[in-house]
Amino acid sequence: MAEIPDRISPLDGLFEPGDFGAVTNSPGVEYSQRLCGALVQVQAWPGTTGKVEAVLKQVLGLPVPKARLAHMKDETILMSTGPGRWLVDDEMEGLEEKLRKALPSDLGALTGLTHARVVISVSGEKAEWVLSSGIAMDFHVNAFPGGGVQLGHHHEIGVTIHRLGANHFELYAFTSLAHGLWHWLTHAGAEVGYRVT
Amino acid sequence: MSGFRLKAAETGGKALHFTFDGKSFVGREGDTLASALMANGVSIVGRSFKYHRPRGIFTAGSEEPSALVTLRSGGRHEPNVRATEIELYEGLEARSQNRWPSVRFDLMAVNQLAGKAFSAGFYYKTFMGPRRAGHKATQFWYFCEQFIRRAAGLGKGATSADPDTYSRMNAWCDVLVIGAGAAGIAAAGRAASAGARVIMCDERARGGGSLTGAPELLDGQPAAEWASDAMEELAELDNVTILTRTTVQSMFDGDTYLAVERVNDHRDEPKRHQPRQRAWTIRAASTVIATGAIERPIVFAGNDRPGVMLADAARRYAVEYGVAPGRAVAVFTNNDTGWLAARDMARAGVIVSAIVDVRADVQDDVRKAGEESRAEIFLGAAITGTRGWQELQGAHVRDFHEVSNTLGGKKRFIGCDCIAVSGGWSPAFHLTSQQGGKPQWDAELQAFLPGEASANWFGAGAMAGKFGLRNAFRTGEEAAVRALTQAGFGEGESSVPVIEGDAIDYAPAPVLEINSPGKSFVDLQHDVTADDVRLAHREGFVSVEHLKRYTTLGMATDQGKTSNVTGLAIMAQTRDMSIPEVGTTRFRPPYTPVALATLAGEQYGHLSTVRRTPMHDWHVANGAHMYANGPWLRPESYNAPGETVEQAYIREARKVRESVGLVDVSTLGKIDVQGPDAAEFLNRIYSNGFAKLPVGKARYGLMLREDGFLFDDGTTWRLDEHRFLMTTTTAGAGHVMEHLEYHRDVVWPDLKVALTSVSDEWAGVAVAGPKSRQVLAACVTKCDVSNEALPFMGVRTGEIVGIPVWIARLSFSGEMAYEVYCGANWGQALWDALMAAGEKHDIVPYGLEALSTLRIEKGHVAGPELNGRTTPGDLGLQGMVSSKKNFVGAVLNNRPAMQAEDRLQLVAIRSIDGQRIIGGSHLVKGTKDEPGLSEGHTTSTCFSPALNAYISLALLERGRARFGEKMYATNPVRDSHVAVEVINPHMVDPKGARMHG
Amino acid sequence: MKITCPYCGERDHREFTYRGDATAIRPSIDNTSLDDHQAFVYDRKNTAGTHRELWNHTSGCRTHVVVVRDTVSHEIFSCEPVGPFAKQLARNVAKLKGAGA
Amino acid sequence: MSRYSAWEILKNAVKGNRDWTPAWRRAEPKSAYDVIIIGGGGHGLSTAYYLAKVHGITNVAVVEKGYLGSGNVGRNTTIVRSNYRLTPNSRFYEKSMELWRELSHDLNYNVMFSPRGVLNLALTPGQMDTYAERGNQMRLMGVRSELLDRDQVARLNPGLDVSGSARFPIEGGLLQPDAGNARHDAVAWGYARAADQLGVDIIENCEVNGFLKEGGRITGVETTRGTIRAAKTGVAVAGNTGKVMKLAGIDNLPIESTVLQAFVSESIKPIIKNVVTFGAGHLYVSQSDKGGLVFGGNIDYYNSYAQRGNLPVWEEVISELLAMFPAFARVKLLRSWGGVMDMSMDGSPIITTGPIDGMYLNAGWCYGGFKATPASGWCFAHTIANDKASEYNETFTLERFKNGQSIDELGAGPTPWYH
Ligand SMILES: Cc1cc2nc3c(=O)[nH]c(=O)nc-3n(C[C@H](O)[C@H](O)[C@H](O)COP(=O)(O)OP(=O)(O)OC[C@H]3O[C@@H](n4cnc5c(N)ncnc54)[C@H](O)[C@@H]3O)c2cc1C
Ligand SMILES: NC(=O)c1ccc[n+]([C@@H]2O[C@H](COP(=O)([O-])OP(=O)(O)OC[C@H]3O[C@@H](n4cnc5c(N)ncnc54)[C@H](O)[C@@H]3O)[C@@H](O)[C@H]2O)c1
Ligand SMILES: Cc1cc2nc3c(=O)[nH]c(=O)nc-3n(C[C@H](O)[C@H](O)[C@H](O)COP(=O)(O)O)c2cc1C
Ligand SMILES: [Zn+2]
């Protein structure tokens with residue numbers, strides 16, 4: 001049987017490593033991209049939230065984060081993205097099947113989004129500044145602390161934003177719109193200098 | 001006016017070279033273009049709007065009505081820049097505007113000769129032209145208008161795109177401070193001390209506001225030095241952001257402000273990688289507005305001559321820029337600040353020849369300031385006229401009686417080349433007025449004050465009518481405390497400096513016009529005179545808003561910052577009313593004009609984002625012309641070299657019917673519908689039944705709007721008992737998603753349904769044609785694609801080159817066809833695999849045109865037929881409207897007019913004689929010359945290779961009863977008139993043998 | 001305008017989609033009265049002043065909310081969740097307001 | 001009162017412009033009239049004028065709550081056109097064009113009707129077909145229209161980005177050469193002056209705050225300046241329809257009020273000829289005689305009675321303007337403002353008798369009622385005078401929403417914020 005072809009990121013061809021814009025000594029921001037091994041959205045029904053949380057905890061081995069927060073362990077990120085809704089990002093494939101077994105439809109719904117998003121990492125001293133320039137959201141740590149998750153948009157491009165630390169964010173960008181998001185990030189990053197790795 | 005650089009300042013600062021109207025000059029670092037021109041003795045800077053009269057420099061800030069120039073060239077060409085605001089840089093290139101051939105000699109100035117006839121409202125009374133019927137009636141005005149349009153206008157616009165970039169920034173804060181004068185600094189300091197997140201904006205290059213030229217000592221330091229230290233200290237705080245060269249332009253609802261940062265306008269061109277300007281959207285919890293006050297003039301005859309300027313501006317040129325505004329300056333005032341301006345100018349080395357005050361007497365300390373200026377003093381006097389050709393040479397002074405507002409005594413002449421006028425101060429509450437705040441008149445200060453707060457803002461300093469430095473600091477801190485409370489903070493600490501210096505009265509005498517013979521200008525840019533105001537009154541345009549619109553007072557680029565109150569005063573006097581009874585016009589955003597590109601921000605040049613399918617690059621590389629379809633770009637056709645779009649799509653469509661083709665359908669909207677109630681939910685959404693759709697089957701569904709008209713269509717696949725994949729039209733995807741979510745959340749919250757857009761998760765390829773099954777059979781594994789195992793409308797999983805896929809046997813083309821979906825990241829690999837598998841059948845990729853041709857031949861409806869005005873019945877889809885269940889739109893779809901027989905109904909037409917039917921045709925009975933009224937129109941038109949004829953789908957009145965009728969498809973705008981036959985829209989394979997086969 | 005989404009917190013109104021008068025109630029699915037449906041689809045009180053209206057946080061969590069807003073001053077008085085998770089979210093709103101977020 | 005002419009201007013100029021008299025009398029409300037028109041906007045004033053001129057009904061008062069023309073007639077982007085697709089609209093707006101062409105003479109007031117052409121840009125071949133379909137409908141209805149290709153469009157308006165590399169490349173456009181614009185304020189003032197000369201009382205600063213009702217019939221109004229009786233009362237208050245009709249006990253109408261913003265740039269020398277609209281979004285721009293670029297786009301999407309809008313629409317509209325005309329980048333925005341729109345559920349107007357006896361309603365003008373001003377007044381006057389619609393407004397009823405005969409030019413459905 002043929003081997004499964006490589007997955008191609010929607011940013012392939014655009015994402016060229018190097019330093020760009022006003023880089024003097026060190027760049028203001030660094031960008032990198034990755035595809036998720038598995039990205040699965042979990043949706044509970046109003047009465048089943050507790051049960052779904054228990055399933056998630058058991059399958060992922062992670063405590064379930066409160067609204068607008070994420071928990072991480074090893075290769076797994078569990079993000080709260082809406083009422084009774086979570087997004088699980090796992091390095092390994094096969095997550096959807098694993099969860100589906102544990103989560104019958106009377107408890108909730110599972111939707112695979114592995115190919116629907118590309119993750120762009122934005123880090124560096126100017127990360128907050130760059131993101132603020134295009135996303136109408138308060139990025140101050142008091143409003144958006146490390147470990148926080150927010151859903152927002154840059155013009156018509158929706159993004160889920162996970163803040164890993166003071167100067168580090170991951171943007172879950174829609175596959176078909178990733179080009180547009182990348183275009184903006186390069187525009188915004190040029191002023192402070194950006195490094196693509 | 002013949003300004004010059006004052007001795008004391010001659011050596012300071014770096015020399016900067018610049019040109020004005022092609023002539024070279026030298027200015028100094030720290031100059032504005034205005035101060036540099038003044039230092040070089042240039043007095044005529046531009047021409048007025050209507051009469052083309054010479055205009056000089058009137059102010060020293062953003063309120064400037066007169067000194068407008070064109071800056072830079074090429075794509076950076078920018079008209080109507082205020083010389084008083086632009087900071088000088090090496091190589092600056094400026095030109096005067098609205099003049100021909102030159103600014104000193106302008107032929108259009110003949111307009112002045114007809115001055116009286118050109119009075120306000122004159123256009124409305126003439127140019128109607130001779131009375132003629134029909135189209136001709138208006139031609140006369142239309143003819144004249146072109147000349148008028150050419151004479152009007154200020155600078156010229158650029159003709160090429162701008163090479164610069166623009167950016168945006170979003171900011172949140174606890175306390176926004178607008179204005180970094182004394183009040184602003186005090187407010188920011190206080191707010192910062194409480195730990196609040198503070199943003200302070202000032203439109204000038206440096207903070208300090210009026211402190212930069214103030215004669216006072218603060219904590220023993222000169223005010224300017226104190227201010228710059230204070231700004232530095234603030235800037236060092238982590239919780240304070242200071243934005244200079246940043247004008248807060250607009251206040252919007254919810255304490256949202258738009259500020260524009262001129263990041264690079266003080267440079268020749270932007271620093272590399274930097275934007276020219278940045279638009280800040282600032283969302284504040286509370287705001288201190290400390291925008292100061294704007295000085296206003298007194299109106300008198302001949303007051304528009306270059307050399308007449310505001311007193312505080314003249315003072316600032318001398319004190320802050322080291323430039324004398326003239327060789328001999330006369331001050332004309334109705335308040336004490338004029339005297340201080342005279343004194344400060346004299347201290348800086350300017351010769352003040354006279355101080356003319358309308359008041360009969362002044363306080364001792366004011367009189368002392370006058371003495372220090374060594375000027376001749378005229379109390380109870382007024383300037384009644386000026387002398388000079390283009391420039392000012394002197395003024396006439398007469399006695400003036402303040403209470404009776406009358407002139408008397410002999411006319412005396414004073415020689416001066418600059419008149420510095422002060423008519424008092426108008427608080428700058430523009431931002432609060434923008435939100436609809438009603439200003440209130442203060443009779444004591446003779447000024448409008450901001451009035452009640454409409455949002456979480458607090459006024460401070462001169463903006464709130466609290467004049468004087470001591471007041472500014474005190475009210476700045478008070479406002480900060482209120483703002484802090486509003487934002488949920490403590491009160492912070494006070495740090496008001498010790499102030500030594502004048503404590504003067506800012507209240508002026510209520511005199512804003514000296515009525516004497518000669519043209520007295522109220523609005524310097526629009527050439528509105530005091531007589532125009534009186535004429536408006538005579539003609540009944542007495543409401544302020546009528547006055548404004550009839551005379552255009554305050555409608556120029558300065559929006560009347562220095563002329564509104566004087567205009568009101570004249571109207572008030574004419575109506576024998578008080579100023580507040582007359583009222584004031586509303587300020588609107590922006591505060592000062594803003595470059596359009598700044599408001600487009602980073603979007604300048606990049607309208608909406610393109611949605612790209614995973615196969616996008618392949619399409620482009622293979623000759624596809626990409627075509628906008630909703631937010632996506634899709635291949636129109638794949639053109640071989642030399643091939644037209646029509647040739648290409650006919651070839652592609654023919655190939656599909658003969659053999660096989662494939663098309664990228666990744667753009668279809670795809671929605672994951674899951675949950676125990678998913679089937680019930682779909683059953684309520686679609687007009688046809690979905691409750692009993694078996695697992696592993698797809699069904700074509702129709703959705704109606706609430707009002708019973710067709711909304712969208714598509715196939716929905718039952719993947720599982722509780723799991724469906726809905727597809728929508730490409731353009732309709734967003735609206736359908738919202739429609740579903742709305743019904744789930746608002747109408748039926750008790751249904752357990754999860755809705756997720758998976759449009760980006762799946763790449764989709766449709767494989768169509770008699771050989772399609774063979775193509776799949778050649779590459780699909782883990783799935784039997786035989787007719788028995790995968791019948792029409794069946795849905796299965798499988799693999800292609802190891803890629804997991806969904807395969808649904810659906811047909812849009814009427815051929816045997818399949819849609820194959822896989823994870824988007826594999827989309828290209830799937831495409832390649834299908835192309836390879838089809839190679840021996842000569843598989844072709846086909847684009848939108850061929851796709852459309854195939855479905856037209858089959859009579860399938862799409863976007864053009866779902867135009868928002870059609871019902872299922874209109875399109876022959878009544879059979880898909882269930883009468884056994886209730887669904888969205890069911891009831892209103894039953895209204896009699898929507899079921900009527902005389903509606904436009906779907907038909908097809910075929911060209912009878914081989915002539916081409918062109919898109920957008922109407923169906924008529926008459927000849928080309930007399931076509932008659934429209935009975936219907938074409939919707940989707942193509943050449944059909946299957947029928948070997950030009951055909952079209954069409955909507956025709958009572959169409960279904962008219963098959964066989966001969967008509968014309970007329971297209972006068974495209975010059976065609978084609979004989980057609982009305983036929984059944986199911987043109988190819990009406991029984992469906994091919995797709996079921 | 002700023003709207004406090006019960007899930008996401010205070011956000012710019014540009015992230016939300018207006019969905020109309022919240023006092024117009026869709027007749028239940030088995031109501032077939034033409035008048036009721038017509039009233040729901042076409043008749044509007046079009047209030048000047050305090051208005052209950054629906055918005056969807058389209059660019060955020062996609063929750064629907066009922067906003068009470070003054071259509072003359074644009075002041076927003078309250079924002080309550082609707083939909084299946086309304087009860088759960090109602091608790092959130094109180095929290096979000098308390099945090100001053 | 002004198003007729004206006006070039007001669008009058010010269011004569012007066014010589015005399016220092018001292019002899020001009022008010023354009024209209026400041027009338028005091030009488031206790032009763034044959035007809036009261038509520039709303040001193042374009043439609044109210046033109047109604048009064050045609051009542052007097054065409055129907056000989058001169059005992060008429062127009063009551064206006066603020067200054068005359070303070071509503072939408074004084075704040076619109078002045079586009080006058082009849083390039084409609086649906087027959088009822090096409091007929092009505094072409095009637096309006098006929099009246100526009102004669103208007104300056106008719107009123108003896110130069111309303112500066114300027115048929116400079118309205119050009120709708122098409123950005124895809126599909127849009128060209130849609131425009132052709134509309135252009136053909138216009139032709140069949142006797143309205144001039146032309147379908148232009150890209151070069152023709154560019155020649156008319158040199159700053160357009162026709163590079164083909166644009167996100168939405170321009171394919172061509174539909175031109176209505178006889179359409180254009182008119183000076184908004186002059187229209188209000190001209191109608192007011194002409195109506196006044198025919199005996200109509202124009203009463204400013206007089207707000208209607210109640211209706212007189214007798215036996216289910218409207219018999220007049222209560223105002224801030226007293227009670228005024230009338231045999232017939234016409235309501236033409238545009239964005240305020242909801243408020244005013246509530247005073248008469250009509251709580252529900254197929255109308256929602258929203259804000260539409262408009263924008264004007266600083267003056268620049270003539271740069272665009274036509275009124276140009278952009279096909280990839282909602283945007284229209286023209287250049288005023290003063291030189292300002294006057295433009296507008298979508299409504300602010302929520303219900304509103306505030307005459308001001310918000311920032312997102314600025315950004316949207318201006319990005320679209322610059323996509324069309326990139327060379328306008330450094331032209332500066334001078335002023336923006338808002339007007340309250342009476343958005344009807346199908347985007348088409350209502351000119352009808354009722355909904356109560358003695359009352360007549362003129363509303364639902366959405367973005368587009370300025371161009372309707374003459375025909376709206378003409379039809380409303382006809383309807384009031386004859387208690388029956390004219391042939392031009394017989395479909396503009398309230399009942400159409402009930403019986404499924406909506407006149408939905410855009411096909412957007414009963415969702416006002418999508419119209
Ligand atoms: C920004 C904007 C741009 C537009 N652009 C165009 C365009 O380009 N082309 C076009 O054709 N149309 C356009 N329109 C629409 C057009 O302006 C309106 O449809 C039309 O002006 C409405 O009719 P009117 O003139 O009678 O309304 P208005 O001028 O609004 O008249 C209604 C009057 O009623 C008065 N009133 C309200 N309540 C009371 C009361 N209780 N008592 C007494 N008086 C009352 C109001 O004060 C107002 O003066 C635009 C509208 C706006 C807001
Ligand atoms: N010549 C004079 O005598 C004179 C003139 C004006 C003020 N004053 C005195 O100065 C003190 C005033 O202090 P203050 O702080 O109230 O006013 P200020 O004039 O010192 O400061 C106002 C500041 O606000 C800035 N500003 C105005 N509008 C802005 C906007 N929209 N965006 C950004 N920045 C904006 C101005 O550039 C200025 O720097 C008072 O004592 C007043 O009486 C004196
Ligand atoms: C076609 C048109 C052109 C306009 N041109 C200008 C202008 O050149 N300068 C200006 O200040 N305002 C201009 N305005 C806007 C008016 O000043 C005013 O904002 C508008 O009539 C709304 O009134 P309001 O702002 O008082 O509410 C224009 C308005 C229209 C309708
Ligand atoms: Zn939200």
Side-chain angles (χ1 to χ4, degrees), chain B residues 170 172 174 252-256 281 283-285 435-437 454-456 486-489 675 677 680-681 683-685 705-709 734-735 737-757 883 885-896, chain C residues 1-4 9-22 24-42 53-58 61-66 69-76 81-87 89 97-101:
Chain B
N170 290 286
W172 265 257
D174 301 311
F252 291 105
D253 295 322
D255 304 288
T256 302
T281 308
R283 287 125 180 137
Q435 277 298 88
S454 52
N456 296 319
Q486 171 64 39
F489 286 83
D677 298 319
E680 170 64 15
F681 179 78
N683 209 39
R684 295 180 185 186
I685 288 287
R705 286 191 314 234
E706 299 277 5
D707 64 354
F709 286 91
H735 282 155
M737 186 69 188
E738 284 180 19
H739 180 80
L740 301 188
E741 287 175 327
Y742 166 83
H743 282 92
R744 194 261 323 263
D745 287 359
V746 181
V747 185
W748 311 310
D750 48 322
L751 294 188
K752 284 184 186 145
V753 198
L755 300 162
T756 311
S757 166
S883 53
K885 61 162 189 170
N886 296 312
F887 56 90
V888 177
V891 177
L892 295 189
N893 175 249
N894 263 328
R895 289 179 288 178
Chain C
M1 291 187 288
K2 287 179 287 196
I3 297 176
T4 302
E10 184 184 86
R11 295 294 188 83
D12 196 298
H13 78 275
R14 72 176 71 209
E15 293 190 351
F16 296 78
T17 310
Y18 185 67
R19 298 283 324 188
D21 190 339
I25 304 291
R26 189 174 197 276
S28 81
I29 187 73
D30 31 55
N31 176 334
T32 55
S33 145
L34 196 61
D35 285 345
D36 289 357
H37 280 266
Q38 277 167 347
F40 164 70
V41 171
Y42 294 110
E53 57 199 25
L54 278 165
W55 293 73
N56 181 10
H57 193 192
T58 2
C61 65
R62 298 191 78 94
T63 295
H64 276 88
V65 289
V66 172
R69 186 179 60 101
D70 190 310
T71 54
V72 181
S73 69
H74 291 175
E75 188 179 347
I76 292 179
V82 281
F85 286 88
K87 269 202 206 118
L89 285 168
K97 286 220 174 104

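The sequence lines fix the lettering, A, B, ..., with proteins before strands; numbering per chain opens at 1.
- No other option in C:T32, C:V82, C:N56 has as many heavy-atom pairs under 4.5 Å with chain B as C:T32.
- Atoms CG and NE2, from B:N894 and C:H37 in turn, are 10.5 Å apart once rounded to the nearest 0.5 Å.
- For C:T17, the part sitting under 4.5 Å from any heavy atom of chain B is the side chain, from C-beta outward, and nothing else.
- Between B:R283 and C:E10 the shortest side-chain heavy-atom distance does not fall below 4.5 Å.
- In this structure, C:N31 CG and B:N886 CG are separated by 8.5 Å, a value rounded to the nearest 0.5 Å.
- Contacts with chain B were tallied for C:E75, C:K2, C:H13; C:K2 has the most, counting heavy-atom pairs under 4.5 Å.
- Taking CD of C:Q38 as the start and CG of B:D707 as the end, the distance is 11.0 Å to the nearest 0.5 Å.
- In terms of heavy-atom pairs under 4.5 Å with chain B, the best-connected choice from C:I29, C:I25, C:V41 is C:I29.
- Remark: C:Y42 OH to B:L892 CG distance equals 6.0 Å, nearest 0.5 Å.
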(request) Could you walk me through whether B:M737 and C:R62 pass the side chain to side chain contact (heavy atoms under 4.5 Å, CB included) test, one step at a time? (result) CA-CA 11 Å; B:M737 186 69 188; C:R62 298 191 78 94; 3.8 Å; yes
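- Looking at C:F40, only its side chain comes within 4.5 Å of chain B, counting heavy atoms on both sides.
- Closest non-hydrogen pair, C:G83 versus B:P749, comes out as C-CB, 3.9 Å.
- Chain C is approached within less than 4.5 Å, heavy atom to heavy atom, by B:E738, B:H739, B:E741, B:Y742, B:H743, B:R744, B:D745, B:V746, B:V747, B:W748 from residues 738-748 of chain B, ordered by number.
- Most heavy-atom pairs under 4.5 Å with chain B: of the set C:I3, C:D30, C:I76, this distinction falls to C:D30.
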(message) As a quick check of understanding, evaluate side chain to side chain contact (heavy atoms under 4.5 Å, CB included) for B:F252 and C:M1, giving each step before the final call.
(response) CA-CA 7 Å; B:F252 291 105; C:M1 291 187 288; over 6 Å; no
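- Only the backbone of C:S73 comes within less than 4.5 Å of a heavy atom in chain B; its side chain stays farther off.
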